[in-house]
Structures are given as structure tokens and as C-alpha cells.
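Computation of the quantities below employed the complete heavy-atom set of this structure, encompassing side-chain atoms and omitting hydrogens, waters and symmetry-equivalent molecules. Keep in mind it's a predicted model, so treat the numbers as computed, not measured.
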Amino acid sequence: MSTEENPAAAPRSLAEALRGRDDVSLAALLRSRPDLITPVPTDLTQLATRAGTRASVVRALERLDRFTLQTAQALAVASDPATYDELLGLMAGDDGDPAVSAALPHALGTLRAQALVWGGDDRLRLVRTARELLAPSPQHPSPTGLGPTVREAGAGISPGRIQEILATAGLPSTHDSVSALNALAGLFDDPERMSALLDQAPSESVEVLERLVWGPPYGQVTADPAPRLRWLLDRGLLLPTAPGTVVLPREVALRLRAGRAHRTTEPVPPPVEAAAAHRPQLVDATAAGQAYTALATVEELLKDWHEGGPAVLRAGGLSVRDLKRTAVALDVPEPVAAFWVELAYAAGLLASDGEADERYAATPAYDEWRERPAGERWARLATAWLAATRTPGLVGERDAKDRTLSALGPGLDRSAAPEVRHRVLALLAGLPEGAAPDAGSLLARLRWERPPRADRTGGGAPSPYARRAPAQPAEGTRGVAARAGGPGAPGYPADGASGAGGEDDLRSRLARWTLAEAEMLGVTGRGALSSHGRALIGAPPAPRHADTRTEPAGPGDKLPVHHRQTPVPPALSPAEQATAAAAAGRLLDPLLPEPLDHVLLQADLTAVAPGPLERPLADMLGVLADVESKGGATVYRFTPASVRRALDAGQSAADLHAFLAAHSRTPVPQPLAYLIDDVARRHGHLRVGAASSYVRCDDDAVLNEILADRRAAGLGLRRLAPTVLAARTDPAALLEGLRAMGFAPAAESAEGDVLIARAEAYRTPPRTPPEPVPDGPPVPDDTLLAAAIRAVRAGDLASTAPRRPVAGAADTAPGELPRTTAAETLAGLQAAVLTNDTLWIGYVNAEGGASQRVIAPIRVEGGFVTAYDHTADEVRTYPLHRITGVAEIAD
């Protein structure tokens, strides 16, 4: 039975509307608006109150798509309550729009499901706070461009002036202003009489109305308006709102708009168009190559910092100079270097050591990560990237306090980043396999799904006439001036436009960064989502495209898109994400090149690695030689310094010869063998220790050579014995100085043993990856939702069920806790144990928090009552002295 047939069944408040919902509907509400159960409300009345608070309503409005938001905006300018037919007229116009008519029930259902609208189709009510946010006012213009109603705009007009307007419009005079405004509103609402009135308007007056009809509805006039304006003012088509300011009444604007509240409605989301198509195999191969490069880059970064990376700034983060050095070491631009640094940090592979002289270094988790298969290592990086709220793209910009944002520093968290990343990849998954998206259509789709703030509430900007000086007089008068806010004007986007700044602009930038970062990480290849990228977000396989082209389309060559695209996959839970990441790693593994166990030695003191090397071979070769070039094949160069580095690490000349012979597919070139032997012969001939420091050598001729060298002047050397020199510098500086002079000294311990410098020795203490900054309360799981709904319904039963007070107890006002004496409370509980009755009790916990509960007492003994608590859905024990009173629940 509808509410029209049974008016008594219509809810009188949002709380009553929620009370009529089933558990599935309540669970959907709490899942879409998780802030409503933080903490769990005591009853449905408190839930309705919380759903109407400004912060919660603003948060809910921010998550509406464009058409649903337009529906809410239309309800804000409709009558209160409104009918479905009135809402449909505002959305589809007098001529009707089949697409709007088809989409409106779903949009209205979304608003109802999120408790922003309540009531039947004959009495639709927008939540009061939402109406205040969306309804037009001089302080908060509406994106609809509509102004106040005749009754609102004419409230401040003198009674005499209103009667003059009625007479000029051809209406009979009335006895009071209220009836006069009602009569004028009746004229504007009558299509035939309104059309007849507008047909009489001069063309110049019609031009003025056309300038104001789509907003802003406010304009300025002089004390002596021009005839075209006087004609409109005399008939109430323009009404004064302040000295020198007039407004176009809402009823007049809607009549001129053919009943539409919006210039353009968008009932259907814009499709994501494909800009190019590639063979899926080519996409996967390209993405796999990028994934391999990503793994190699992260390893190279942390290898560069293995002895302790750059120092941590006092305010936190990496200095500009250190970021530049890292970019040079990785051979990438600085923004890309910031991305790799932040990615390693998000994955828990990089952190600060926490020492007094704080520096960045690899964590112990890095060693474990390096030993995992390549697919697993990539999956860890990709999962960390998806969930991270830190935004590397902001590095180098300035915060609200005009401080530069640095890599690894504070201020880079943006809670919207994970949602935008997942949404971009999900939209890519909706395209045919191998299709790369058109970035413009992708951003348009994202803006439709989450409209900019200016489209939600008019930007919250002050009235346009409060922001601009009056227009200059024209032809001796100052006519109506459409101020900043007309279609296309800054700060007042045209209805349906997508321009906005601040956080809204950040979402578009996040989407662009996501496309670039996904390509660098190997989630996409040539702009298209790879097969392991689909698995990463839990998307099903994509359909094959009908177009058989295998080459990229040219600029501007857009491919046709299926009318029904693949359904967009939802966000995954942490457990589902871990499973999806493991599946993505397994898909990627066969696409990555197999590690090689050999290199090709060449006569020019270089070695060519034709592919990725096995871990022990790569580590040893990285110590023995310097990387000269990268790419499909890596070129290593042997130098005296690199060979000395290997000897410093504890290798002997024989070890190096054996290593090269075992791992080279070509004979060891004679120049390389001579280089190793020559450096080894001189290595350790000099010994450096701590005096401050000293140099000793069995060959005093070598020491004489050092003393005679001018480059040794800064070392402060003096002879202590024929084979010993003392120095004023520390051992490390002395070692570097002698090496710069061309010698190959070795450090020694206090016992005279050679000190071996082993690579990759420094690690931070165990560190956990940075926690993402949540974008509001987390979405509750099914278990929490079920418990919350039980608690809310039980509390609502306790607060609304008819009660029979215990004899002698004071009457309890609605909403108050029951009050009985200790004896009456004990007697009531004991009687309920015998009769198996359910009681309503008031309870004060140890922190002083008062609540009401519905319990079924089981036993009363020792100053405690054990009962089944319907609110918590479990058996609990309560101290009797904390129970304020009891009351029976009426049948």
C-alpha cells in the first residue's frame, strides 16, 4: 500500500524511515557511510541524527556521481516535500528526456540508500543539512544557477511596492504581502499566463533575462534603471534583494529554461575511449621489461646506499642535493628518482637508521626481498604502490606554509591516492585487451564519478557581487551586470563543467601520475593494462577487440568501444589483495628473462652481460668492475680502482682469476689478467694504521717516494723509522690520499692484520613500512556490520518499546534512563529470572558513560546479574550498583 493510500504509513522523520528498513538496507547504508558507526550509535534515532550532521553529509555528497549529485541539487530547489513527478520535471525538463527518465530511479535510490533522501515518491524530502548545503543563496551559489523563489526574494519588499507589481502584471490587489507574493508565484507557475506575459516583453528585456537565466541570477541596477530593466522590475520578473542589486526569481528562470534545473544533465557516464590498440603479447612483453627494470632500479638504489645513504634532514626527508645525486646515480630525472625512493620506502625496503647522525639505508627486509623470486619481488612493490598514500609527484612543490616538500619527508600523504590508483586501473581493465586509453576520456569519466567541489556546492564561494566592483554605467545607466560566475567565468563553472582547483585538481593529477607510474612499474605496457596488471587488481580477463590492428593508432585515432564495457572490478580486501598479488607475480614470472651464469670478457677490459645475471655473479661482478652502460646488455669495465676494491673485500688474485675463468664464455684476455696481477702485487704493500695514523712498508724507497710527492703535503707525514711514516690525518683520509696518489694501500688492525672491507654491511634496525593515511573511517566488514545492526536495533527497542515501570518507580521521560531504587532494581531482576521476562535497564560503565540495554536476566547473585544482552548479542555480567533502574518491556 502506498503512502497516498495510507498517509499514516508515511515516515515523519528520517529516524522513522530508518526504522522501517531491513537489515540488508541498514548494512548497505553503514557500508557506504562508515562514519555513521564510529562509534556504534545507541539507537536509530542517534543514527539518524548522526546521518544529518554537516560533516557526515558533506562526506556523503563528495562520493556521489555527477547525475546523482544533480538529482540532489534538483531536490534542493524543489518544494519540500517534493513529488517524484516534480523531480522528474526538474531533471528532464518539460519536453522530457528518455535517458534521464531511465536513470533517475537509480539515482534517487542511491540517495535513499545513503539516507540523504527519505519519504515515499509522493513526499520526497532531502535531509535538512543537504538542503542547506545545496540550496542557492547569495553566500553559497548553487551550480544550478537558480536564485531564490518569489516568496524568498520578495520577503523584504515593501507592501506598497508589491501591490504595484501586482497591478502592473494584471493581477488583482490583495490585503497583505504574503497573499500578494502567492498570487505572483501563481502567475509565474501558470504556463499559459507566463507565456502571455513574456510575449509582451520588449526584445531588450528578453535579452536581459537570457543573460541571467542560467546563472548567476544576480545583477546590478542603478537608482534610475533603463526602460528595458524598468519593464522587468515593474512586473516582478526581476526583484530587488539589496540596494542596487536584483535577482531573477527561481520560478521565472525555470519557465525560461523549459523546467530544467540544470543546463546539461549527464545521466550516463562518459565512456573511456581507446586511443590505440596493441597485441596483448606485445603489451605483456613491454610491461615485463618495465617490471624487470623496476626491480633492477630498486636494487641499484639500495646498493648505492649500502654503506649508509644520505643524511636525514632535520625536518625529515631527503635534501635536494641528495635527490640530485641519486638521480644521477640511477640515470633518471629527479621526479622519477623521487618515485623509486618513495616506492622502496613504501615497500619497507628503505628507512632511516634512527641514530644520532640519522641516515637512510636498506632495512633487513631488503635482504629477504632480494632472495625471493622475481615475480614475488615485483608483486611486493606493486602492492605497496597501490596502497600507498604518499604521493611522489608532489616532491618539489610547496605546502601551505610555503615549505618545499621533499622526498621521504612529511606532507606527501594524500588519502585519496589509493582510491584513484585503483579506479584508474579498474577503468583500464574495462577496455578491450591491449587497448590503451585516451587520457582525456579517462579523466572525464573520473570527474563524472567524483565531481569537482565547485559542481557539488557551487564552490562555497561568496556571492559573486560581493567579489567584484559594480559594472560601469552604459548609456547613462548601470544595467544588469552578470558578474564573475557566468558560463565559463573563473570560480563559477558552467553547469556540468569540470573545472575546479585544490583537492579536485589533485585527483586529476593523481590520475595522470598513476598512468605514468603504472608504466614505469610494469603494471601497464604501452599504456594498456597487462595480464599481470589485471590480476593485481582482481579483474577478469578482458574481451578481445574486434579491431585486428597490431600497431599503435596514430595521434587522435580513436578506436570504437563496445557499448557494454567489461564491469569495473571493485576494491579488494587486504586478504584478497594478497591473493591477487601472488597471482600477478606468478603470471609475470614466465615473462621475465632467466638469470645468466656467464659474461663475455673482452680485450678492452670490459665484460658484457647479455642479460640479467644470477645473484652471486652479479654481486661479485659489481665489486670487481664498474657499470659502464645499461640496457638489454650491461657493460662492466675493469679498472685498477675496481680490482683494488675486490682485493679490499678479501679476494686474492688467484680467486679473481678463478672467478673470471669460471664465469666467462670467452678466454680471460691477457690485459685483464695483467691488470689483476699488477694491482695485487702492489696491494697491501703499504699498511695504514691508527697513530693518529701511520704508514709502514718494508721497502723504504716507496716511503721516500711518498715523502717526496707534493700531493702528500696535506697528509702531515713524517718518518718515525726507516719503514714507518706517521700522519696527522685519520686512517680513512690517509687511505684516500695515498690512493689518489696512485698507490694501493691496505688498512690494518691494531694486531697488524689486513682489514677486509665487505660490501652491503650496513642495515637499519628492523622497520615496518609506513602506514597509509586512511581516507576516513575504514569500511566495516560483515561481522562488524552484523554486530552493529544488532546493537542499534536492540538500543532502538529499548528506547521506543512501551514500558511498564516497576511498582513505585518514578515515571521516565522518553530518552531518559529508568530510575529505580536499589531494592526495586533487585526485586525486578529477580522476578525477571523467574518469569523469563525481558527488561530495559539503564547502565553506567566504569568511565561514567551511560547507556540503555535490553537484557534477559539469567541469575542474580553476589551483587551481579548475569543476563543475555540483546544489544551485544551475548551473555554478560553487570554489577548491580551500576544499574540505574529497570523497567519491563510491554508486550
Side-chain angles (χ1 to χ4, degrees), residues 1-3 6 9-53 56-57 59-65 67-69 71-72 75 84 102-127 130 419 449 538 567-576 776-801 853-854 868-874:
M1 182 179 294
S2 67
T3 56
N6 184 15
R12 295 171 297 175
S13 65
L14 177 59
E16 286 192 9
L18 295 178
R19 202 163 281 126
R21 293 192 179 193
D22 56 17
D23 288 354
V24 175
S25 178
L26 278 180
L29 168 62
L30 299 179
R31 189 177 288 107
S32 62
R33 298 177 65 179
D35 56 294
L36 299 183
I37 56 170
T38 310
V40 176
T42 57
D43 54 33
L44 289 171
T45 300
Q46 189 180 79
L47 177 63
T49 302
R50 192 176 297 174
T53 58
S56 182
V57 170
R59 184 175 180 82
L61 292 175
E62 288 177 345
R63 280 157 175 73
L64 298 178
D65 62 61
F67 184 69
T68 305
L69 179 62
T71 303
L75 276 173
Y84 182 84
L104 186 59
H106 179 268
L108 186 59
T110 300
L111 293 174
R112 278 196 176 115
Q114 298 201 19
L116 294 172
V117 170
W118 56 278
D121 286 351
D122 59 325
R123 296 179 64 82
L124 294 173
R125 291 185 180 274
L126 190 64
V127 173
E419 176 197 349
E449 294 178 346
V568 175
L572 303 178
S573 66
E576 293 171 337
V779 177
D781 56 22
D782 293 339
T783 303
L784 177 58
L785 281 176
I789 290 173
R790 285 195 301 269
V792 170
R793 290 206 182 279
D796 197 60
L797 174 64
S799 61
T800 60
R853 300 175 180 273
V854 177
Y868 177 78
D869 190 332
H870 290 274
T871 306
D873 194 23
E874 64 181 9

Do [X] and [Y] have side chains that approach each other closer than 4.5 Å (heavy atoms only, starting at C-beta)?
X	Y	answer
R790	D23	no
D65	T110	no
R793	L44	yes
L75	L116	no
D121	L108	yes
I37	V792	no

Nearest non-hydrogen partners of [X] and [Y], listed with the distance:
X	Y	value
P11	G119	CG-CA, 4.3 Å
L14	A51	CD2-CB, 4.3 Å
V40	A791	CG1-CB, 4.3 Å
P780	L785	CG-CD2, 3.5 Å
P34	P777	CG-O, 3.6 Å
V127	A115	CG2-O, 3.1 Å

(message) Please identify which of these residues, L36, L26, V779, meets the side-chain contact (heavy atoms from CB on, under 4.5 Å) condition with R31.
(response)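 Passing option: V779.
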
(message) Could you check whether any side-chain N or O of R125 sits under 3.5 Å from a backbone N or O of R12, counting only pairs where one atom can act as donor and the other as acceptor?
(response)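 Such a contact is absent between R125 side chain and R12 backbone.
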
(request) Would you confirm whether R123, through its side chain, and W118, through its main-chain N or O, come within 3.5 Å as a donor-acceptor pair? (result) no

Roughly how far apart are [X] [atom1] and [Y] [atom2], rounded to 0.5 Å?
X	Y	atom1	atom2	result
T68	E449	OG1	CD	11.0 Å
T38	R33	OG1	CZ	12.0 Å
L111	L126	CG	CG	7.5 Å

(message) Taking D43 first and then R19, would you say they form a salt bridge - that is, a charged N and a carboxylate O separated by under 4.0 Å?
(response) no

(message) Side chains of S56 and R50: any donor to acceptor distance under 3.5 Å?
(response) no

